[in-house]
> 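Can you read through this structure? Questions will come right after.
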Amino acid sequence: GAGVSQSPSNKVTEKGKDVELRCDPISGHTALYWYRQSLGQGLEFLIYFQGNSAPDKSGLPSDRFSAERTGGSVSTLTIQRTQQEDSAVYLCASSYSGGYSYNEQFFGPGTRLTVL
Amino acid sequence: DAKTTQPNSMESNEEEPVHLPCNHSTISGTDYIHWYRQLPSQGPEYVIHGLTSNVNNRMASLAIAEDRKSSTLILHRATLRDAAVYYCILRDGDMRFGAGTRLTVKP
């Protein structure tokens, strides 16, 4: 079966432009997570969606970052007025249910964002 | 805030066992202990998880202390392909990764 997919795989943009990153979770997975990973660093939690509940946005680094999840499936992470420090790999993961702590996460391949 | 503490790096020789420690002294009764690893230039992948009892799967074994305040991921025979960053995470809804342990495997 299909795993988590992300698009685009690579994105190069100019400082100040807006970007949208897409995540298609595994079908039937109710929990969806966004992380980012700067070069040589660990994963930084950004946001977490669980079913129809209000998302946990506590990891978003600034109000330039936002995310939506439409219909409980596809998610889009939007970064407005991009800055060079936003350059990183953005990873999406999904799990069958975030509410049950035994469920493993499945990660997508990531989107490498480069802000010039 | 990270809920787990791991050494920054460890080294192992190929075909020898590796014991990767993790401290989680603030673990709650419902937290599962998860381990993931991230190979170079890839996203993280699930390795193993457990609650109270030791667990084995085809990739590794997980030994959990009786008080659950620490655990150890055991790779029985390290290979060069096991070189990765290993993350120990307490799973309680969201999942926040710490810095992990960078494992180097020497031939």
Side-chain angles (χ1 to χ4, degrees), chain A residues 3-7 9-10 21 23-26 29-51 53-61 67 88-112, chain B residues 1-9 22 24 26-53 55 57-60 62 64 68 71 73 84-104:
Chain A
V4 177
S5 61
Q6 293 185 245
S7 60
S9 56
N10 281 284
L21 311 179
C23 172
D24 284 84
I26 293 173
H29 281 192
T30 61
L32 187 146
Y33 311 75
W34 282 99
Y35 300 85
R36 74 175 175 181
Q37 187 169 35
S38 300
L39 188 63
Q41 302 298 310
L43 274 72
E44 176 187 2
F45 167 80
L46 297 177
I47 190 168
Y48 158 55
F49 295 89
Q50 170 54 45
S53 303
D56 176 356
K57 303 180 181 180
S58 60
L60 294 178
V89 176
Y90 289 80
L91 290 158
C92 175
S94 70
S95 70
Y96 180 68
S97 173
Y100 295 99
S101 58
Y102 49 79
N103 288 311
E104 66 183 274
Q105 288 190 350
F106 295 84
F107 281 81
T111 293
R112 181 175 298 278
Chain B
D1 294 333
K3 299 179 181 178
T4 62
T5 305
Q6 299 177 254
N8 290 333
S9 63
C22 181
H24 29 78
T26 60
I27 191 170
S28 72
T30 56
D31 284 341
Y32 277 73
I33 302 159
H34 282 240
W35 284 81
Y36 284 72
R37 72 179 185 180
Q38 188 172 22
L39 280 64
S41 303
Q42 296 188 25
E45 64 176 358
Y46 167 83
V47 177
I48 200 168
H49 75 274
L51 184 61
T52 57
S53 302
V55 183
N57 66 21
R58 63 175 180 82
M59 292 181 70
L62 177 60
I64 301 173
R68 301 211 323 127
S71 61
L73 179 70
V85 178
Y86 287 78
Y87 298 98
C88 167
I89 303 138
L90 299 185
R91 182 84 162 89
D92 60 353
D94 67 6
M95 202 157 84
R96 302 188 184 222
F97 288 68
T101 296
R102 182 173 299 278
L103 175 66
T104 302

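In what follows, every chain begins at residue 1, and chains take the letters A, B, ... in the order their sequences are listed.
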> If you look at every heavy atom in A/L91 and B/P44, which pair is closest and at what distance?
CD1-CD, 4.0 Å

> Is chain B contacted by the side chain of A/Q37, its backbone, both, or neither, given a heavy-atom distance below 4.5 Å?
side chain

> Is any side-chain heavy atom of A/Q105 closer than 4.5 Å to one of B/H34?
no

> Quick one: OH on B/Y36 to CG on A/L43, what's the gap to the nearest 0.5 Å?
11.0 Å

> With side chains defined as the heavy atoms from C-beta onward, is the minimum distance between A/F107 and B/Y46 less than 4.5 Å?
no

> For side-chain contact (heavy atoms from CB on, under 4.5 Å), just list the numbers for B/V47 and A/E104, CA-CA rounded to whole Å, side-chain angles, deciding distance to a tenth of an Å, and then say yes or no.
CA-CA 9 Å; B/V47 177; A/E104 66 183 274; over 6 Å; no

> Please rank B/E45, B/Q38, B/R102 by heavy-atom pairs under 4.5 Å with chain A and give me the top one.
B/Q38

> Taking the side chain as every heavy atom from C-beta outward, state whether A/F45 and B/F97 have any atom pair closer than 4.5 Å.
no

